[in-house]
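Only one structure is covered here, and it is reproduced in the block below.
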Amino acid sequence: MTYGCCCQTARYAEAYLALCELGMTLEARTPARAALEHAVTVEFAYLRAGGLDMLAASAEWASWSIDDRLAQWRGGELPVKPGPETGKRLPSVSGADGILDTLDPDNRMLQPGYAVLSQSVHVTNETVVAYFTKSPEDGSLSLSARREDPLSEHTRVLVAQACMFAAWIYARTRGDQSRLDELDALAVELHLPCRVDLEWDEELRAHLD
């Protein structure tokens, strides 16, 4: 149930690194955001009581939604909509009581980081004005076709955190204790937690060990 999200997190992280190596640090924010979204989703689903059932329900609804849209586009037979028996779905990633709000209630890193990364995915004020540069000498404007990520260090930390979440869940579900020990030591060294559920109420935790 968790493998797909963990694997996709790693692949998006690899895409982030590949774009950075090409000098496209701003464009690398897009796979960075995707890596973080997959990682926090699987972190919530794995650690929250009932989370895996919610992940399964969300996957079923997502499958129906895209099949329904394709059927309308192509003019085919509409799929059957999931019923109440499908169960409760995952909360949204962002917003009040969302996944990020649950994992980062103090709004320290995950929530603001995800919001900043999202600026590169959507059309924002940066999209409109950031390719203009103003001369400090005469105030004239010039155009540029390239931009760098001014927060590249922060972006790198967010990708590392995404990988930490995914790697820990992958190792734990495989019962790889030596790898878990390595990740615990790395988490201390980098100040990047492997799990964020230790202070939750017990009834909200899927794993008390």
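Index from 1, following the sequence.
- In terms of modelled atom types and a separation under 3.5 Å, the side chain of Asp149 and the main chain of Leu151 share a donor-acceptor contact.
- At least one donor-acceptor pair under 3.5 Å links the side chain of Thr41 to the backbone N or O of Glu37.
- Side-chain contact annotation: Asp176 with Ser178, donor-acceptor N/O pair under 3.5 Å present.
- Applying the 6.0 Å contact sphere to OH of Tyr3 captures no more than 12 heavy atoms from other residues, nucleotides or ligands.
- A cation-pi geometry, defined here as NZ or CZ lying under 6.0 Å from the six-membered ring centre and within 45° of its normal, does not hold between Arg179 and Trp168.
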| task | Show the numbers, then the answer: is there a side-chain hydrogen bond (donor to acceptor under 3.5 Å, both in side chains) between Arg29 and Tyr16? | result | CA-CA 7 Å; Arg29 279 187 184 179; Tyr16 160 79; over 6 Å; no
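- A cation-pi contact, defined as under 6.0 Å to the ring centre and within 45° of the axis, is absent between Arg205 and Trp200.
- Look at Lys88 and Asp53 and you find no salt bridge, because none of the NZ, NE, NH1 or NH2 atoms lies under 4.0 Å from a carboxylate O.
- A salt bridge links Glu126 with Arg147: the closest approach of a Lys/Arg side-chain nitrogen to an acidic carboxylate oxygen falls below 4.0 angstrom.
- The nearest pair of heavy atoms linking Asp97 to Asp101 is N-OD2, 2.9 Å.
- Here the side chain of Gln8 pairs no donor or acceptor atom with the backbone of Ala35 at under 3.5 angstrom.
- Proximity of a side-chain donor or acceptor of Ser65 to a complementary backbone N or O of Trp61 within less than 3.5 Å is not detected.
- Counting heavy atoms from C-beta outward, Gln72 and Leu78 have side chains that approach closer than 4.5 Å.
- At most 12 non-hydrogen atoms from other residues, nucleotides or ligands lie less than 6.0 angstrom from CD of Glu137.
- With respect to the salt-bridge test (charged N to carboxylate O, under 4.0 angstrom), the residues Arg156 and Glu153 qualify.
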| request: Show the numbers, then the answer: is there a side-chain contact (heavy atoms from CB on, under 4.5 Å) between Tyr170 and Thr2? | output: CA-CA 8 Å; Tyr170 179 67; Thr2 60; over 6 Å; no
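- The shortest side-chain heavy-atom distance between Arg195 and Phe165 does not fall under the 4.5 Å cut-off.
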